[in-house]
Q: 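First the structure, then my questions, so here it is.
For reference, positions follow the sequence shown, starting with 1.
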Amino acid sequence: MSNVSKILLAAGLIIIGILSLLRILGVFSFSTEIAGAYFLLFYGLVFVSANLGKDNKGMLFLGAVIFIAGVVLFVIFYYEILSPIKTLLPSILFAVGSGFLILYIDNKNEKVFLTVAIILYLTSLLLIKLTDSFPAINYANRIAFVILELWPVLILLLGISLLVNRKKQ
């Protein structure tokens, strides 16, 4: 990732994190969830398009997961889902599966990526179907929900870390 891309990413993360914290503190009412969803969609597309075909598996995987996370947030905040907490763990598995699928699309010789993607997709579908049957799945969803509640702080710290650790020219 170029230095300019890191600065833009860091600035975007810091802005989203600060806006989210200000909204939580009640300073003003701004839909940071929707802004965050658009941010993730945009940066996910940028990461995937910038790294597709360049043998940069880590950034390509990250871009796909970021994009799917943006799609999930967009759907959760724009559409009325009766119990969004039940879809959290399956959504995480779906996003990670999408990361492996984009790695397979980038290099079709690596069949293991396709296998892992299919397993994760099927597991996420199975979890959606079995969420009400097993208490452990509900517990895992609650843990994922707590982590989701902390995302503004995590994004703010990630943005500051990227800004501080960039290479100076």
Side-chain angles (χ1 to χ4, degrees), residues 9 12-13 16-17 19-21 23-24 30-52 55-159 161-162:
L9 178 61
L13 291 172
I16 294 292
L19 289 175
S20 298
L21 288 174
R23 183 177 166 270
I24 289 171
F30 178 78
S31 180
T32 54
E33 291 87 3
I34 298 299
Y38 281 119
F39 176 79
L40 293 175
L41 287 168
F42 173 74
Y43 273 108
L45 284 176
V46 168
F47 277 39
V48 169
S49 64
N51 293 296
L52 201 58
D55 200 34
N56 192 353
K57 289 180 174 56
M59 294 304 288
L60 189 59
F61 181 84
L62 181 65
V65 171
I66 287 172
F67 178 77
I68 296 299
V71 170
V72 169
L73 285 176
F74 188 80
V75 168
I76 286 173
F77 294 119
Y78 262 123
Y79 298 101
E80 186 175 327
I81 297 176
L82 295 177
S83 183
I85 194 169
K86 291 181 180 180
T87 63
L88 198 54
L89 188 60
S91 297
I92 292 169
L93 292 175
F94 186 82
V96 173
S98 297
F100 282 109
L101 182 63
I102 200 74
L103 288 177
Y104 171 73
I105 290 170
D106 188 47
N107 184 1
K108 296 202 171 146
N109 294 328
E110 298 284 340
K111 303 286 186 204
V112 69
F113 292 143
L114 179 62
T115 305
V116 171
I118 291 170
I119 289 170
L120 289 172
Y121 285 150
L122 291 175
T123 304
S124 69
L125 287 172
L126 187 64
L127 283 176
I128 289 172
K129 204 69 171 139
L130 298 176
T131 298
D132 292 330
S133 303
F134 296 103
I137 295 173
N138 284 328
Y139 183 70
N141 276 327
R142 285 192 196 106
I143 291 172
F145 187 73
V146 168
I147 292 170
L148 185 65
E149 287 293 316
L150 296 174
W151 77 269
V153 175
L154 297 174
I155 288 192
L156 180 62
L157 292 175
L158 180 63
S161 172
L162 285 172

Q: Looking only at non-hydrogen atoms, find the nearest pair between Leu93 and Ser124 and report the distance.
A: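 Closest pair (atom of Leu93, atom of Ser124, distance): CB-CB, 4.0 Å.
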Q: Please list all pairs passing the salt bridge (Lys or Arg N to Asp or Glu O under 4.0 Å) test where one or both residues lie in residues 56-78, with sequence neighbours left out.
A: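 Pairs touching residues 56-78 that pass the test: Asp55-Lys57.
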Q: To the nearest 0.5 Å, what is the distance between CG on Leu126 and CD1 on Ile119?
A: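 Reported to 0.5 Å precision, the distance equals 12.5 Å.
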Q: Drop me the distance from Ile68's CD1 to Leu73's CG, to the nearest 0.5 angstrom.
A: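 One gets 11.5 Å once the value is rounded to the nearest 0.5 Å.
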Q: For residues 95-110, run the donor-acceptor check on the side chains, cut-off 3.5 Å, and write out each pair with its distance to 0.1 Å, sequence neighbours left out.
A:
from: Ser98; atom 1: OG; to: Phe94; atom 2: O; distance (Å): 2.9
from: Ser98; atom 1: OG; to: Tyr121; atom 2: OH; distance (Å): 3.0
from: Asp106; atom 1: OD1; to: Gly53; atom 2: N; distance (Å): 2.6
from: Asn107; atom 1: OD1; to: Asn109; atom 2: N; distance (Å): 3.3

Q: Who pairs with Ile118 by side-chain contact (heavy atoms from CB on, under 4.5 Å), at least two apart in sequence or on another chain?
A: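 With sequence neighbours excluded, Ile118 shows a side-chain contact (heavy atoms from CB on, under 4.5 Å) to Leu114, Leu122, given in chain and number order.
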